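Below: the structure, in structure tokens.
From a predicted model like this one, the values you see are computed outputs, not experimental measurements.
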Amino acid sequence: MKRMTSCLIGITAAMSLTAGVAHAGNTAQEEANKKAVVAFYDMGLNQKKAQEAIDKYVGKQYKQHNPGAADGPEGFVKFIHFLKEKYPQSHSEIKQVFADGDFVILHVHAVREPGTRGSAIIDIFRLDNGKIVEHWDVVQPIPDKTANDNGMF
């Protein structure tokens, strides 16, 4: 029984230490990754300076997982040219930014045309040595009516 009590105390202590680490702030690299992704997003999507954003923030390889966008940096440039032509006033507001190691996640309110509800977007970026090398996203239109009053942001 004494051995079991000692074991439980050890496990509890280990869990407490682990919990402290899990709630610690982002590392310096995670903070740098967050800043790079936010700057890329603003320059590329809001300012519509696609090539400049690619040159400054994207690595030699850029893998795209959105099935509606072409792979590689050229796919991003092509998408931004589409936005610029069809929705010149489109704007994306980042509501939340999260980092976990080499991954940065954005919670975004994107409005393509002023006066419309827009979409809620989750963008996931993977970085390598501070450069964006991979992207995923999930897009959900903001409905007129919801089952609750919580909002999407």
Side-chain angles (χ1 to χ4, degrees), residues 14-153:
M15 288 173 66
S16 296
L17 288 173
T18 303
V21 172
H23 296 293
N26 289 128
T27 66
Q29 185 60 56
E30 287 171 328
E31 287 300 324
N33 287 347
K34 285 173 25 178
K35 286 180 183 176
V37 168
V38 168
F40 168 78
Y41 211 86
D42 185 55
M43 183 181 287
L45 277 98
N46 288 331
Q47 297 176 41
K48 298 178 184 50
K49 297 178 181 178
Q51 192 60 55
E52 197 174 325
I54 290 288
D55 293 344
K56 190 167 185 175
Y57 299 105
V58 172
K60 293 182 189 230
Q61 305 234 342
Y62 178 71
K63 188 183 257 188
Q64 177 60 260
H65 294 277
N66 179 322
D71 204 19
E74 333 53 64
F76 178 76
V77 171
K78 186 176 178 181
F79 175 72
I80 298 304
H81 284 296
F82 158 78
L83 276 183
K84 202 173 190 176
E85 281 182 25
K86 186 146 177 137
Y87 304 103
Q89 295 182 28
S90 67
H91 182 78
S92 295
E93 181 182 350
I94 297 170
K95 299 291 189 170
Q96 299 283 338
V97 181
F98 307 93
D100 185 10
D102 290 333
F103 290 89
V104 174
I105 303 165
L106 303 180
H107 185 204
V108 176
H109 182 197
V111 176
R112 287 196 172 172
E113 296 178 289
T116 63
R117 300 184 70 74
S119 297
I121 301 175
I122 297 293
D123 277 295
I124 304 169
F125 296 89
R126 185 175 68 83
L127 291 86
D128 184 25
N129 291 317
K131 296 289 186 177
I132 298 167
V133 295
E134 206 161 359
H135 171 257
W136 299 259
D137 61 0
V138 180
V139 181
Q140 180 179 13
I142 298 173
D144 291 329
K145 294 182 180 184
T146 60
N148 61 60
D149 295 328
N150 300 324
M152 296 181 74
F153 305 102

Checklist outcome for this item: Note: Val139 and Ser119 closest approach over all heavy atoms is CG1-CB, 3.7 Å
Checklist entry - Taking the side chain from Arg117 and the backbone from Pro141, do they hold a donor-acceptor pair closer than 3.5 Å? => result no
Next on the checklist: Using every non-hydrogen atom in the two residues, find where Asn33 and Gly130 come nearest and quote the distance to one decimal.
Outcome noted: OD1-CA, 3.8 Å
Checklist outcome for this item: In terms of heavy-atom contacts, Ala110 and Ile121 come closest through CB-CD1, 3.5 Å
Next on the checklist: Quick check on side chain to side chain contact (heavy atoms under 4.5 Å, CB included): which of Ile124, Ile105, Val104 does Val37 satisfy it with?
Outcome noted: Val104
Checklist outcome for this item: Between Ala36 and Tyr57 the two heavy atoms that sit nearest each other are O-CD2, 3.7 Å
Next on the checklist: Less than 4.5 Å apart, side chain to side chain, heavy atoms only: is that true for Val58 and Lys131?
Outcome noted: no
Next on the checklist: To the nearest 0.5 Å, what is the distance between CD on Glu134 and OH on Tyr62?
Outcome noted: 9.5 Å
Checklist entry - In a check of side chain to side chain donor-acceptor pair (under 3.5 Å) between Glu31 and each of Gln29, Lys35, Lys34, which one passes? => result Lys34
Next on the checklist: When you measure from the side chain of Thr146 to the backbone of Asn148, do you find a donor-acceptor pair of N or O atoms at a distance under 3.5 Å?
Outcome noted: yes
Checklist entry - Do Arg126 and Val133 come close enough that some side-chain heavy atom pair is under 4.5 Å? => result yes
Item to check | salt bridge (Lys or Arg N to Asp or Glu O under 4.0 Å) evaluation trace for Lys63 with Asp71 | outcome: CA-CA 6 Å; Lys63 188 183 257 188; Asp71 204 19; over 6 Å; no
Item to check | Test item: Glu30 side-chain N/O and Thr27 main-chain N/O as donor-acceptor pair under 3.5 Å | outcome: yes
Item to check | Ile94 side chain reached by Val97 side chain, heavy atoms, under 4.5 Å | outcome: yes
Next on the checklist: If you apply the rule side chain to side chain donor-acceptor pair (under 3.5 Å), what do you find for Asp123 with Tyr41, and how did you get there?
Outcome noted: CA-CA 10 Å; Asp123 277 295; Tyr41 211 86; 2.6 Å; yes
Next on the checklist: For the aromatic rings, using the six-membered ring if either is Trp, is the centroid distance between Phe76 and Phe40 under 6.0 Å?
Outcome noted: yes
Next on the checklist: Pair Glu74, Ile54 - check side-chain contact (heavy atoms from CB on, under 4.5 Å), show working.
Outcome noted: CA-CA 9 Å; Glu74 333 53 64; Ile54 290 288; over 6 Å; no
Next on the checklist: Using side-chain contact (heavy atoms from CB on, under 4.5 Å), reason through Gln51 and Ile80 one step at a time and then give a plain yes or no.
Outcome noted: CA-CA 9 Å; Gln51 192 60 55; Ile80 298 304; over 6 Å; no
Next on the checklist: Check whether Lys56 reaches the backbone of Ala53 with its side chain - one donor and one acceptor, N or O, closer than 3.5 Å.
Outcome noted: no
Checklist entry - What is the ring orientation for Phe153 with His107, classed by angle as parallel under 30°, tilted 30 to 60°, or perpendicular over 60°? => result tilted
Checklist entry - Atom CG in Asp137, atom CD1 in Ile122: separation rounded to 0.5 Å? => result 10.0 Å
Item to check | Exercise: identify the closest heavy-atom pair between Met152 and Ala120 | outcome: CE-CB, 3.5 Å
Checklist entry - With no hydrogens and no angle check, is any side-chain donor or acceptor of Gln64 less than 3.5 Å from a backbone partner on Asn66? => result yes
Item to check | Side-chain heavy atoms of Asn129 within contact of Leu127, under 4.5 Å | outcome: no
Item to check | Ser92 to Asn46 - nearest heavy-atom pair and separation | outcome: N-OD1, 2.7 Å
Item to check | Gap separating the NE2 atom of His135 from the CG atom of Leu106, nearest 0.5 angstrom | outcome: 8.0 Å
Next on the checklist: So Val111 and His91, do their side chains get closer than 4.5 Å, heavy atoms only?
Outcome noted: no
Checklist entry - How long is the gap from CD on Glu113 to NZ on Lys86, to the nearest 0.5 Å? => result 8.0 Å
Next on the checklist: What verdict does the side chain to side chain donor-acceptor pair (under 3.5 Å) test give for Ser90 and Lys84, after you've listed the backbone C-alpha separation in whole Å, the side-chain angles of each residue and the deciding distance to 0.1 Å?
Outcome noted: CA-CA 8 Å; Ser90 67; Lys84 202 173 190 176; over 6 Å; no
Checklist entry - Relative to each other, are the rings of Phe103 and Trp136 parallel, tilted or perpendicular (30° and 60° limits)? => result tilted
